[in-house]
Amino acid sequence: MGKKAPKPIDLARKPRGFPDKREALIHAEQAMIERITGVYRRWGFEGLDTGAFEYTDALGKFLPDEDRPNAGVFALQDDDDQWMSLRYDLTAPLARFAAENWQTLAKPFRRYAAGPVWRNEKPGPGRFREFLQCDADSVGAAGSHADAEMIAMAAEAMRAAGAADGEFAIRVNTRQLLNAVLDGVGAASAEVRLTILRALDKLDKFGTSGVADLLGAGRMDESGDFTKGAGLDVDGVKRVLAFAEAGRETRSDTLEALGQAVGTSESAQTGLAELKAISRALEAFAAPEADVVFDPSVVRGLEYYTGPVFEAELLKETVDEDGRTVRIGSVGGGGRYDDLVARFTGQKVPATGFSVGISRLAAAFAISGEIRALNGPVVVLNLDREDPSEALRLASELRRAGLRAEAYMGSSGMRPQMKYADRRGAPAVVMVGEDELAKGVVTIKDLKEGARQAAAIESNQEYREARPGQFEAPRAELVARVRAIVEADQ
RNA sequence: GCCGCCUUAGCUCAGUUGGUUAGAGCGCUAGAAUGUGGAUCUAGAGGUCCCCUGUUCGAUUCAGGGAGGCGGUACCA
């Protein structure tokens, strides 16, 4: 009795979709944000941060008097019983800010923002309930050249985030053309129109036959679950598919193909004119042809987009450590939302914007093993358990010279201290014991070099005598010798 | 939400056709090694076999229910 540890009171567990992030991931995400906001700033956008919470009605949907105020968003009631929600994107808070400060802003108001957003949805690979977005928006900018600017800048942001030639594409479409097609097949009810749009959006996922099923009777997924379709007849399915698959290699070829697939209605003409204007502007921006494609199957969210819509897709295949291909797909998106600010001001304000999903992009890089562990600090071993002063002094000296260094703060002996340095990824270890103090030297061990040399050593005895990677240096040379190791290691 | 699969040591997983002491590899701790990380050898610690109820002389194993995880699908402003 009494030997076992007491039973824990609480389980250490974490809600799904709220990821813990270790150093390598934190650095990767922050570097990505810095590079992308760098692009936004260079294009003339200014920073604006807003708080995590907004009043629920300011976010537009999910009113607090509905049955489930928390569906989709995380909501709670303030002291005065008003419902507040954690922001689910950075665009809705921007619309609120722009409306509140409209009189004092230089128009168009061009701002960028980066930060966490929250969605109360089921998480999946690369999908979280708390994740980082990095946005740019122009509020008060009408005209296709403003949309084209977003698109060209999105491509540049993707490159800045680390996607190389051919590893991503910005896929562009416009709501006007989608409306033309819906009208063309006589889809009158909102329900059927929604179902058709959702089916279209899945072209890259399910292919032609899967989308044909969804446009017609319905589709069975691989677990046996059935999704009801839009109920179009054979001719209707054919016409929608002909439109969806009008995408061609080049933007001008796609425009030509679309001209035939989309008819002559007013919205068809408007949509084609939008894409043509975007195409012209993209050439002026010198956006590489392969970066931006026109793709009629792009739909995006159904709530607030009113004109051009676009999506940043990671084309590079992401393979996890078990060799399985993980589907990442869209890592960003945007479009024109001319009605969002009008909710607050009553007056129509044209706006267009773009958002990069930092967390998903970083997750994609992490899954395929591209995020490397960072070097740890130089560790100064503490060999005098009675008085650690010498170790503290040496570590301070290294820090003052700008090196990342720490004195060992635990209570273990030398072997565990070496092990600790190894597991921290320390480039070097500094040792000063009685011998060194007496001789006025420091012992420095280059851990990476040591491991390299030790790989060739067979016997224990030889290993013990070799002390690979280790050398003595005059105390005065401490900083210079350690710096040489650290710098060689980067 | 709906569908499928899964849950045994810190991790990855064997196994028990219902039976007495439930295993491996990795990791961890200690030692070989008298101030020295990785590799090597030796020893050791570590378990509510997810939870509840039922069937049974007996349940980690069977049945029902629940929870959690993974995947698909729906939704995704």
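Proteins come first, then strands; the chains are lettered A, B, ... in the order of their sequence lines, and each starts at number 1.
- Atoms CD (A:Glu311) and P (B:rA77) sit 9 Å apart, rounded to a whole Å.
- When rounded to the nearest whole Å, the span between CG of A:Leu197 and P of B:rC76 equals 10 Å.
- Taking only distance into account, the side chain of A:Lys205 never meets the base of B:rG72 through a donor-acceptor pair shorter than 3.5 Å.
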Nucleotide N/O to protein N/O under 3.5 Å, stretch nucleotides 33-36 of chain B:
| unit_1 | atom_1 | unit_2 | atom_2 | d |
| --- | --- | --- | --- | --- |
| B:rA33 | O4' | A:Arg464 | NH1 | 2.7 |
| B:rA33 | N6 | A:Asn460 | OD1 | 3.1 |
| B:rA33 | N6 | A:Asn460 | ND2 | 3.3 |
| B:rG35 | O6 | A:Asp435 | OD2 | 2.6 |
| B:rG35 | N1 | A:Glu436 | OE1 | 3.2 |
| B:rG35 | N1 | A:Glu436 | OE2 | 3.3 |
| B:rU36 | O2 | A:Lys445 | NZ | 3.1 |
| B:rU36 | O2 | A:Gln470 | OE1 | 2.8 |
| B:rU36 | N3 | A:Gln470 | OE1 | 2.8 |
| B:rU36 | N3 | A:Gln470 | NE2 | 2.8 |
| B:rU36 | O4 | A:Gln470 | NE2 | 2.8 |

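- No side-chain heavy atom of A:Val430 sits less than 4.5 Å from a side-chain heavy atom of A:Val379.
- Aromatic rings from A:Phe128 and A:Phe18 are positioned such that their centres are separated by 6.0 Å or more.
- Looking at A:Lys202, its side chain has no donor and acceptor atom pair within 3.5 Å of the base of B:rU73.
- Between the side chains of A:Tyr337 and A:Asp137, at least one donor N or O lies within less than 3.5 Å of an accepting N or O.
- In this structure, a donor-acceptor pair under 3.5 Å is present between the side chains of A:Tyr304 and A:Asp89.
- Between A:Arg198 and the options A:Leu194, A:Ile196, A:Leu200, a side-chain contact (heavy atoms from CB on, under 4.5 Å) holds for only A:Leu194.
- B:rC28 and B:rC11 are spaced 15 Å apart, taking the P atom of each and rounding to whole Å.
- Atom OH in A:Tyr420 sits about 16 Å away from atom P in B:rG38, given to the nearest Å.
- Contacts of A:Phe206 with the nucleic acid, taken as non-hydrogen atoms under 4.0 Å apart, involve only primed sugar atoms and P, OP1 or OP2.
- For the C1' atom pair drawn from B:rA63 and B:rG18, the interatomic distance equals 13 Å after rounding to whole Å.
- Taking only side-chain atoms of A:Val73, from C-beta outward, the nucleotide of B:rU73, B:rA77, B:rG38 with the closest atom is B:rA77.
- Side-chain contact between A:Met32 and A:Ile36: present, with at least one pair of heavy atoms (C-beta onward) separated by less than 4.5 Å.
- The side chain of A:Lys122 places no N or O atom within less than 4.0 Å of a non-bridging phosphate oxygen (OP1 or OP2) of B:rC75.
- Look at CG on A:Leu447: it is 15 Å from C1' on B:rA39, rounded to the nearest Å.
- By the 4.0 Å N-to-carboxylate-O rule, A:Arg475 lies too far from A:Glu436 to be salt-bridged with it.
- Atom C1' of B:rG47 sits at a distance of 30 Å from the matching atom of B:rA32, rounded to the whole Å.
- On the P atoms, B:rG64 is 16 Å away from B:rC3, given to the nearest whole Å.
- Ion pairing between a basic and an acidic side chain is recognised when a charged N comes within 4.0 Å of a carboxylate O; A:Arg129 and A:Glu121 show no such pairing.
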Just list the side-chain donor-acceptor pairs under 3.5 Å for residues 209-219 of chain A, sequence neighbours left out, or say none.
none

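- Here B:rG72 presents its P atom at 17 Å from CG of A:Leu214, a figure rounded to the nearest Å.
- Using C1' as the reference atom, B:rA67 and B:rU53 are 14 Å apart when rounded to the nearest Å.
- Once the 5.5 Å centre distance and the 30° plane angle are applied, the aromatic ring of A:Tyr304 is found not to be stacked with the base of B:rA77.
- The 5' end of RNA chain B is approached more closely, in terms of each residue's nearest nucleotide, by A:Arg423 than by the other of A:Arg452 and A:Arg423.
- Taking atom C1' in both B:rG10 and B:rG46, the straight-line distance is 9 Å, to the nearest Å.
- For the pair A:Arg127 CZ and B:rG69 P, the interatomic distance rounds to 16 Å; values are reported in whole Å.
- Counting distance only, with no hydrogens placed and no angle test, the side-chain atoms of A:Arg198 and the base atoms of B:rC75 include no donor-acceptor pair under 3.5 Å.
- Remark: A:Arg110 is positioned above the aromatic ring of A:Phe45, its terminal NZ or CZ atom under 6.0 angstrom from the ring centre and at most 45 degrees off the axis.
- For the P atom pair drawn from B:rC50 and B:rA14, the interatomic distance equals 14 Å after rounding to whole Å.
- Inter-residue side-chain proximity for A:Gln82 and A:Gln77 is flagged as unmet; no heavy-atom pair is nearer than 4.5 Å.
- Stem regions annotated for RNA chain B: B:1-7 with B:67-73, B:10-13 with B:23-26, B:28-32 with B:40-44, B:50-54 with B:62-66, counting only runs of 3 or more consecutive pairs of Watson-Crick or G-U type with both contacts under 3.5 Å.
- The separation of B:rG15 from B:rA22, taken at their C1' atoms, amounts to 8 Å, rounded to a whole angstrom.
- Using a 4.0 Å heavy-atom distance criterion, A:Ala421 is classed as making no nucleic acid contact.
- A straight line from CG of A:Leu194 to C1' of B:rC75 spans 12 Å, rounded to a whole angstrom.
- Heavy atoms of A:Gly450 sit under 4.0 angstrom from at least one base atom.
- Atoms CG (A:Asp221) and P (B:rA74) sit 7 Å apart, rounded to a whole Å.
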